[in-house]
Structure formats: structure tokens, C-alpha cells
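Chain A is the first sequence line, chain B the second, and so forth, proteins listed ahead of strands; every chain is numbered from 1.
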There are 2 protein chains.
Amino acid sequence: MADVAERAGVSTSTVSRTLRGLSTVSPEVRARVEKAARELSFAVSRQAASLVTGRTGTVAVMVPTLNSWFTGSALSSLAPLLRAAGLQLNVYEIPDLDERTAFFEHLPARRNADALLVFSFDLTEEETARLDDLGMPVIYVSQHVDGRPSVYVDDVAGALHGTRHLLNLGHRRIAFVPTEGASGFTFSSNERLLGYQQALTEAGVPLDDDLVVSTRTGSKRAAAEALGTLLSLREPPTAVFAEQDEVAVALVWNLRRTQIAVPERVSVLGFDDQPLADWFDLSTVAQSPSEMGRLAGELALKLIDDSDGDHERHIVLPTHVIPRGTTAPVAERATAPVEAGATVPVDVGATTRAATAAARDGQSASSASE
Amino acid sequence: MADVAERAGVSTSTVSRTLRGLSTVSPEVRARVEKAARELSFAVSRQAASLVTGRTGTVAVMVPTLNSWFTGSALSSLAPLLRAAGLQLNVYEIPDLDERTAFFEHLPARRNADALLVFSFDLTEEETARLDDLGMPVIYVSQHVDGRPSVYVDDVAGALHGTRHLLNLGHRRIAFVPTEGASGFTFSSNERLLGYQQALTEAGVPLDDDLVVSTRTGSKRAAAEALGTLLSLREPPTAVFAEQDEVAVALVWNLRRTQIAVPERVSVLGFDDQPLADWFDLSTVAQSPSEMGRLAGELALKLIDDSDGDHERHIVLPTHVIPRGTTAPVAERATAPVEAGATVPVDVGATTRAATAAARDGQSASSASE
DNA sequence: CTGAAAGCGCTAACAA
DNA sequence: TTGTTAGCGCTTTCAG
């Protein structure tokens, strides 16, 4: 910076003022300084600047993985926002418990960022507390943390509407397939399970633990096992609601391989609406991670500027049921004699009411928690 | 740090030495300092440290998008490597030409990182030159830049082997479907086209420009158009080699919707081997972005430590043909009377030879450019 | 093995 | 509007 100052024939203060765009610089001097800076291809060292301003010009994000639709979409909409605000994006990828322990041990973000965005981690009380005195705003993304700024989707409502969609199609034996994530990493399992149960209860359908079978994500084999468990029940389900699209697709894949027609014999519903769902024409409950990334970013910017402001601290995003080709009205059981004994009698009146309700379904889901 | 020093009853120099793990500290004092640091949950400010060391402790990456299989995989294997080395990961997402111009205008990475990894950008001479005097090692990932450290896949060989696989199955009318990316962003189109042409030439199959039809990525509709062009040729192809899995899958999707059996009537081959390929049982040419991320990271670490060292500056990764369910021997044309007039006579001897060669194909491809 | 002192490159008062 | 001065928090000589 001294070089620039010398070349432009001014003091370093003036150079600093010019480069930060302060208005208290005469146009003539400004031009001279900018020219000199360009010629020397000078760039301010954020390190040095932050030393005195106390701001790092950096936002840190903590993500379980960089290699997922969710994280990718969210960061992709967060990044331009930060760039526009002149902030850097710093990524901490914490794929497992070891790394996580190490992260909380040292909290490397301390003093090295102006805000931290925590993605999809199911933190302990203690961990949350540690983040509390990190000395910077911490925003929780895709999760709800009491009393802290959070941006998340209404998973209960999403699962509720999804399950209603299946009920409205006449299904009564509806399975739910949650994902057993790596411990400590939440994928909203509990809340989605809750929504599923709520929908059944409000429809007067008894809960049946046999219909809840968990699986691992990203494994066709694991999905096959879960499916096997369900298909070998005394009364197998006519519809399966998977907690994640990937699992739903694995179920469809396995069902079709076994010549069990989807959706004719079994309906399958996912949750997420990632691109894979579209490829497989999967009915699903959509959420928007890019919207979450954007809103979390905006919240972060606000909190950095004025961390005591009375901003809305909890942002809840809606979900939308997207009916595609893997959900259909429950089959007439007469045509499937093999499983005849396993079938719940369908009350025709209910089916009619269901059809009517189904017509409204997309809409009512759209307005969920808005 | 002064607080820690006071609490431990030592000078700040000693605290600094302890926290940096220098061996010139007595065990007793070390223990005291570490205790004090923990109690105050003190973390060194990289900003202040870098001001005097001249190192930022940060590696910057420039990526076209964060929301893709390729970037996600690569960064996912890069991140732990950097973390293990105590380095931060700074991401610049440059999705379009405007952002790109802005990036090169200001080069925000200057003085704010110890190395820069440039992903998949088709840079101009001028841009490369600007990066040259950035004052830090610059590593090019997924692209070949003369005279600069680069990590990339042998696209020519990959496409060559992929095409050979199709030739070995008896195909003679083989189409190639490149992707017209956003201008300035390369997806190795040219090199893959080259490999395709080489394979045809070495097999004595004349090149036919009509068989090269480009499309956009991520659009079923665009794929349908490209397909339409090919299927309405006087002599339509019996096999299609797409430059990217996503396009290949879109082609399969459209073909099946039109009741054109894949692979019985038309074989389809992709390039990438992303998860989608597995879902669709797509034959493809595999590359490994995670391997690329890892190697690029290691190279970056080496170059940071000693930027004049005689490290291998160009790392070329192999590709592997993965035969799955969308490629098969060319159909006997007698069974397809509709297109009989459009069929190239198949020399039985060639088919036999091809079958033999096909058996070797996986192997020969595996050893490509290793 | 430890401490004192100098200074990294910048910004923020304060003066002019 | 501009320049002078005093640090920001750390590391690194250099003494001891």
C-alpha cells in the first residue's frame, strides 16, 4: 500500500480511503490512486485490515458433506449473496464424529469469521453452548434450535401433507421408511415421522409399528431389505412414504425389478424433490435448499451488521406435495388375489371423499406454514 | 494472547511458541499454557499471524458451481486433506461471465490465500497470465494448461476407449452428442470428440458430421431434439455416445418413452460415471473427481511448501469403461424391418472379431493412460 | 528455554 | 480533503 501511495503521491491513509470507497476523497486524487493501484495490481490484505477493523470479511459454513444435492444447492445460492456483500466463503466439511470432535475442540472459526452457518447437524446442548460464545452470530440451517436464529423447513407439515395425499388416494396401509443417518447427523427423521403419524391419526388409521422400517441411504441393497420386511408382513402396505427421495427411488427400483408395478400395486412417495425424483417421475414432498441458503445468507448479513437488531430469528419454509407418477389411487384388491387376505377393506365413501380432498391437496400443501 | 500469557505467568512469546507446537518449550510450561488457553477458550487469530508470517493458512478454489456431482466430489475429498494440514478452504463460485469478469478484475484471492485451485474453466491466455502473477501457486483442475501445474483426466483416451467399446460390439453408425456449455466453461468437449474420431478412424469407419449433434445439459427436451435429429437421418445411428452421463440418461429416457428399446435397438454410452449412471444402469466411461480433488490438494500442499521444487506438475488420471445395461451388440437388422433401408450391412467376421475384442475391452480401458 | 522489543499492513482517530 | 500517529495481535529476531 505504501508503494501505491508513493506512486500516487499521497499518504497511505488516502489510499486506504480511496480503496474502501469512502466519499471523502477528491475525484482527482481518487483517479490517481486507482490508476496506481491498478498498475501495481495491488489488492488490500484482508488479514491486515481485519486486524484493525475486527472484522474478517468471511462467513464460515459448517456442512456434513459438500457432495450432496442439499448442500450443493444451498451453498450455490448462498455464495453469490456473500460475494455481492464482499464477503468470503469459508467451508468446514465435517463428515464424521472424529472431525466433529476436533472441530468443537478447537473451534477454528473463532476469530476467523464474522458469522457461522451450521448445516443439518443434530448438535448436543453442550455443542450449541460452545457455539453460543463463539463471539459471532451463528445461524442454524435446516434445523430448529430453540432461541437461536434458524432457517428450516416445516418437516412435520411436509410429512403430514404427504401422508394425507396417500390417504386421499385411498391408501390405509401406509409404510414409513426413515433413514438411520450417521449418529449425530439429523435428516429431520423424527419430525417427518411425527407428521406421518399425525396424518394417520387424524384420519382414524391406527398406527402400526411394523409399518415403520428404517434403512440406510444410498444403498439399493439396504432398500431391498427394508422392502422385504414390508412385503412379508401379514398385511403389507399399499403405499410407502420414504423420508428421502434417494430411498424412495431405491424402493421403486427394487419394486420394479421384482415386477411389482409402481404405482399400480404399490405407491411410493419421496421427500426432497431432488433432480433424481424428476428422472424417476417420483411423487414427492418438495423442499428448497437453495431458498434456505439464500434466506440464511440474508439473515447472516443482517446479524453481522447489527447483531442486536430485532430481526425475525426463525424462518420456516413451506413444503409442497408434487404428485408425479409413483402415487396412484389404491388398487382394487379383487385384481390382486395373491394378497387378497392381506387387504384392508376400502370404504367407498371414504374413497370418494378422498378423491375430492386429493384435488385440493397440492394447494393445501403449498400454503403449509407460509 | 496476552490474557493467556498472564494467566500462565509467561510471556506472549512463550504462548505463541507453545501454541505452534515448537519444541523449544519446557513440558511444564507447555502444560500451563495449554491449560490457560483452554480455560479462556483462546484461538489464535490467523489474521494477525498471517500478517507477520506472510502466510494466510488458506487455500482458495475457483469453481463454476458448487451444485454438481463433479465439484461436490472433488471438494469433498479435498477438504479433509486441507483440514489435516491446518488449512482453511475458501470457495469462489463463479457461475457466469459477469462474475468471472469481476473476479479477474479484482483477483480477490490475491494475498488472501496460499494457493489457488482453478476448476474446469476454459481460460483465455490473458486470464491465465493474470493468474500467473498472483504470487501464489495456481493449480488447474480438470483441465490441461501448458506449463502450469494441472490435474486432469485423459479425455481423449477415455472417449477413444468408449468408442472402441461400441465398435467392438459391432456398431458402425455411432453418434456423438457433445454439450454446448456456457461459453468459457469447458467440459472437455473437444478432447472427447477427438477421441471419438480417433477410434472411428483407426477402425476405418468414415467420419460423418451428421452423427455429431450437440445439446444442452440437464434438459430432457433438448435431448429429445438432438435425438430427433439423429433418428431422422437417412441412416440413423445404432449407438450414441454422450459426452456426459446426464445427457446420456436423458437420451435413454427419451428413447424408452418412444418405445425404442435400449440397448436392443440403440446402445447408449455416457461419460463420467456419476451416481445417476448407476441408477439408470448406464454404460459409461468413468472418471474420478474425488481422486482429482485429492491429487490436486496434495500438489497444492507441496507447491506451498516449496514452490520451486521439481514436483511432477502434470498429473493425468485414467478413465475406465464401465459396461452396464445400455450397451449391447448391434441388433440383427432383419428383425427391424422398419429401418431396414437405413442399416449398414454388418460383416459377420467383424462381429466375431468385435466380440473377442469386447471381452478384452474392460481391461484395456482400465489401463488407459496409467 | 524464556522474555523484550520490533514490526508485519492496515485503519481510525486526530490535526491540519 | 489530506496527513500524522498510534495501535490491532501476532511472530520473530536477539539477548539473556
Counting the atoms with a prime plus P, OP1 and OP2 as sugar-phosphate, which does [X] contact under 4.0 Å by heavy atoms, base, sugar-phosphate, or nothing?
X        : answer
A:Arg111 : sugar-phosphate
B:Thr24  : base
A:Thr14  : sugar-phosphate

Compare the minimum distances between each of [options] and the side chain of [X], then state the nucleotide with the smallest one.
X       : options               : result
A:Arg17 : C:dT11, D:dT2, D:dC10 : D:dT2
A:Val10 : C:dC10, D:dG3, D:dT2  : D:dG3
B:Ser11 : C:dC8, D:dC10, C:dG3  : C:dG3
B:Ser13 : C:dC10, C:dG3, D:dC10 : C:dG3
B:Met1  : C:dG9, D:dT11, C:dG3  : D:dT11
A:Ser16 : D:dT11, D:dT2, C:dT11 : C:dT11

Practice task
Examine distances only and state if a side-chain atom of A:Ser68 and a backbone atom of A:Thr71 form a donor-acceptor pair shorter than 3.5 Å.
Solution key: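 Yes; judged by distance alone, with no hydrogens or angles, the pair exists.
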
Problem - Contact list for residues 108-119 of chain B, test salt bridge (charged side-chain N to carboxylate O under 4.0 Å, His left out), sequence neighbours left out - result: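 Qualifying pairs: none.
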
Length of the [atom1]-[atom2] vector between [X] and [N], whole Å:
X       : N      : atom1 : atom2 : answer
A:Glu6  : D:dG3  : CD    : P     : 13 Å
A:Arg46 : C:dT11 : CZ    : C1'   : 15 Å
B:Arg32 : C:dC1  : CZ    : P     : 14 Å
A:Asp3  : C:dC10 : CG    : C1'   : 14 Å
A:Arg55 : D:dG9  : CZ    : P     : 16 Å
B:Glu28 : C:dC1  : CD    : P     : 12 Å

Exercise for the section: State whether B:Arg20 places a side-chain N or O below 4.0 Å from either non-bridging phosphate oxygen (OP1 or OP2) of D:dT12. Expected result: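 The answer is yes; a side-chain N or O of B:Arg20 sits under 4.0 Å from OP1 or OP2.
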
Handout entry: Phosphate-side-chain proximity, A:Ser26 and D:dT2, N/O vs OP1/OP2 below 4.0 Å
Key =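 Yes.
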
Exercise for the section: Using distance alone, with no hydrogens and no angle criterion, decide if B:Arg20 and B:Ser16 have a side-chain donor and acceptor under 3.5 Å apart. Expected result: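 Result is yes, a qualifying pair exists.
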
Practice task
Give a yes-or-no answer on whether the side chains of B:Ser188 and B:Asp155 include a donor-acceptor pair shorter than 3.5 Å.
Solution key: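 The answer is yes; a qualifying pair exists.
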
Problem - Carboxylate-amine/guanidinium contact B:Glu298 B:Lys302, below 4.0 Å - result: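 Answer for the salt bridge query: no.
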
Problem - A:Leu51 vs B:Leu22, nearer the 5' end of DNA chain D by closest nucleotide - result: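 So the residue in question is A:Leu51.
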
